J.: 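Quick one: the structure is below, questions incoming.
Just so we're on the same page: letters track the sequence lines, and every chain starts at 1. Heavy atoms only: backbone and side chains are in, while hydrogens, waters and symmetry mates are out. Predicted, not measured: the structure shown is a model, and the values here were computed from it.
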There are 2 protein chains.
Amino acid sequence: MDTKTRNHLSARARVLKALAHPARLAAVDELAKGERCVCELQQIIGSDMSTVSRHLAILREAGVVTDDKRGNQVFYSLRVPCILNFFSCVESVLQASAEQSAQVLG
Amino acid sequence: MDTKTRNHLSARARVLKALAHPARLAAVDELAKGERCVCELQQIIGSDMSTVSRHLAILREAGVVTDDKRGNQVFYSLRVPCILNFFSCVESVLQASAEQSAQVLG
DNA sequence: TTTGTATTTGTCCATATTGCCAAATACACA
DNA sequence: TGTGTATTTGGCAATATGGACAAATACAAA
């Protein structure tokens, strides 16, 4: 594997890693409905405000969301719309797993 | 957020987490071309055989790949084909990031 | 059965992630 | 300027992850 390929895989992995957390997925789901401030996202996620802020920073650094400071609030929004249909395949994986489990059990 | 939603997010996160590693992405890329034994994947990934085996176990447990033991070899293959086009959005994230960096720099 | 090859598992260590509290910062408004 | 609200950052402890080596396991072939 050459260096270019390696770097590309690392870049892809970074994006996936940023998404690979329940709290961050919850944030993305909510942001799919539109721009939200940190306090709104905190209510949904339910963790400490500082924890939510850190999760959002991870999504921002990965390029998944952008932030916009207005007044004393910071509004986050999805930067890449396709992130949404993007999950349909993850669902397929889950569904295939469920079917297999059902087979094993049944 | 109710328990059902929470569980669903965790399940999605598990799949993404399984994919969120350069070595495992390399394996998925290679498996996109067809079934491969562990030793073939090891040559591409370049880590210790035991490390590769562990990565494959993670993908298997997440439902991304299946394994088939034939003779004294184990052949892995993609279980859910859509995993592939699935990455086009990750690419969009990367491209958007690159454009933004270019703007900042330029 | 013995030998060799392919793969997995046990163990250990280094590093990364997560989450909380407390403190710092940013900003609006009085 | 001082006060209150929103958000981020510093620091710490608990837990998870990643990778290597060695040992165990599975199987084929001699």
J.: CG of B:L16 versus P of C:dT17: gap in Å, rounded?
T.: 16 Å
J.: Can you measure B:R60 atom CZ to C:dT7 atom P for me and round it to whole angstrom units?
T.: 13 Å
J.: Quick one: CG on B:L25 to CZ on A:R12, what's the gap to the nearest 0.5 Å?
T.: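 Going from CG on B:L25 over to CZ on A:R12, the span is 5.5 Å.
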J.: Not counting sequence neighbours, which residues clear side-chain hydrogen bond (donor to acceptor under 3.5 Å, both in side chains) with B:K4? List them please.
T.: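 In terms of side-chain hydrogen bond (donor to acceptor under 3.5 Å, both in side chains), with neighbours along the sequence ignored, B:K4 is linked to no residue.
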J.: Please report the C-alpha distance between B:M1 and B:L9 in whole Å, then the side-chain angles of each, then the deciding distance to 0.1 Å, and finally whether the side chain to side chain contact (heavy atoms under 4.5 Å, CB included) criterion is met.
T.: CA-CA 10 Å; B:M1 220 172 15; B:L9 291 171; 3.5 Å; yes
J.: Less than 4.5 Å apart, any side-chain heavy atom of B:V64 and any of B:R79?
T.: no
J.: Measure the distance from CD1 on B:I58 to P on D:dT17 and round it to the nearest whole Å.
T.: 8 Å
J.: Does C:dT17 have its OP1 or OP2 closer than 4.0 Å to a side-chain nitrogen or oxygen of A:H55?
T.: no
J.: Sorted by first residue and then second, give each ring pair (Phe, Tyr, Trp, His ring centres under 6.0 Å) pair with at least one member in residues 51-76 of chain A; sequence neighbours left out.
T.: A:H21-A:H55
J.: Got a donor-acceptor contact below 3.5 angstrom from the A:Q42 side chain to the A:S47 backbone?
T.: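 Yes; at least one donor-acceptor contact below 3.5 Å.
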J.: Given the rule that a pair is Watson-Crick or G-U wobble with both distances under 3.5 Å, how would you write DNA chain D in dot-bracket, using | for pairs to a different strand?
T.: ||||||||||||||||||||||||||||||
J.: Could you measure the distance from the CZ atom of A:R14 to the CG atom of A:L19? Nearest 0.5 Å is fine.
T.: 13.5 Å
J.: Which residue pairs pass the salt bridge (Lys or Arg N to Asp or Glu O under 4.0 Å) test with at least one member in residues 45-60 of chain A, sequence neighbours excluded?
T.: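 Only A:R60-A:D67 qualify under salt bridge (Lys or Arg N to Asp or Glu O under 4.0 Å).
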J.: Could you list the residues that satisfy side-chain contact (heavy atoms from CB on, under 4.5 Å) with A:I58, not counting sequence neighbours?
T.: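 Expected list: A:A18, A:R24.
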J.: Are any of A:H21's side-chain N or O atoms less than 4.0 Å away from OP1 or OP2 of C:dG19?
T.: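 Answer yes for this pair, as a side-chain N or O of A:H21 is under 4.0 Å from OP1 or OP2.
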J.: Sequence neighbours left out, what passes side-chain contact (heavy atoms from CB on, under 4.5 Å) with B:S53? Give chain and number order.
T.: none
J.: Once side-chain hydrogen bond (donor to acceptor under 3.5 Å, both in side chains) is applied, do any residues pair with A:T51, and if so which ones, sequence neighbours excluded?
T.: none
J.: I want to check something: taking the side chain as every heavy atom from C-beta on, are A:T66 and A:S77 in contact at a cut-off of under 4.5 Å?
T.: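 Answer yes - side chains close enough.
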J.: Please enumerate all residues that pass side-chain contact (heavy atoms from CB on, under 4.5 Å) together with B:E40, with sequence neighbours excluded.
T.: B:R36, B:C37
J.: Going by number, which of residues 35-50 of chain B have a non-hydrogen atom under 4.0 Å from DNA chain D?
T.: B:S47, B:D48, B:S50
J.: Rounding to an integer number of Å, can you tell me how far A:D68 CG sits from C:dC27 P?
T.: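 After rounding, the reported distance stands at 13 Å.
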J.: Under 4.0 Å between a side-chain N/O of A:Y76 and OP1 or OP2 of D:dT8, yes or no?
T.: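 So the side-chain polar atoms of A:Y76 do come within 4.0 Å of the phosphate oxygens OP1 or OP2 of D:dT8, strictly under.
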J.: To the nearest angstrom, how far is A:D67 atom CG from D:dT9 atom P?
T.: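 Rounding to the nearest Å, CG of A:D67 and P of D:dT9 are 10 Å apart.
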J.: How does protein reach along nucleotides 11-16 of chain C, written 5' to 3' as B (base within reach of a heavy atom under 4.0 Å), S (only sugar-phosphate), or - (no contact)?
T.: B-----
J.: When every nucleotide of nucleotides 25-30 of chain D is labelled 5' to 3' by its protein contacts under 4.0 Å (heavy atoms), B for base, S for sugar-phosphate only, - for none, what sequence of letters results?
T.: -SSS--
J.: Please tell me if A:T51 has a side-chain N or O lying less than 4.0 Å from either OP1 or OP2 of C:dC20.
T.: yes
J.: The criterion is side-chain hydrogen bond (donor to acceptor under 3.5 Å, both in side chains); which residues satisfy it with B:N7, sequence neighbours excluded?
T.: none
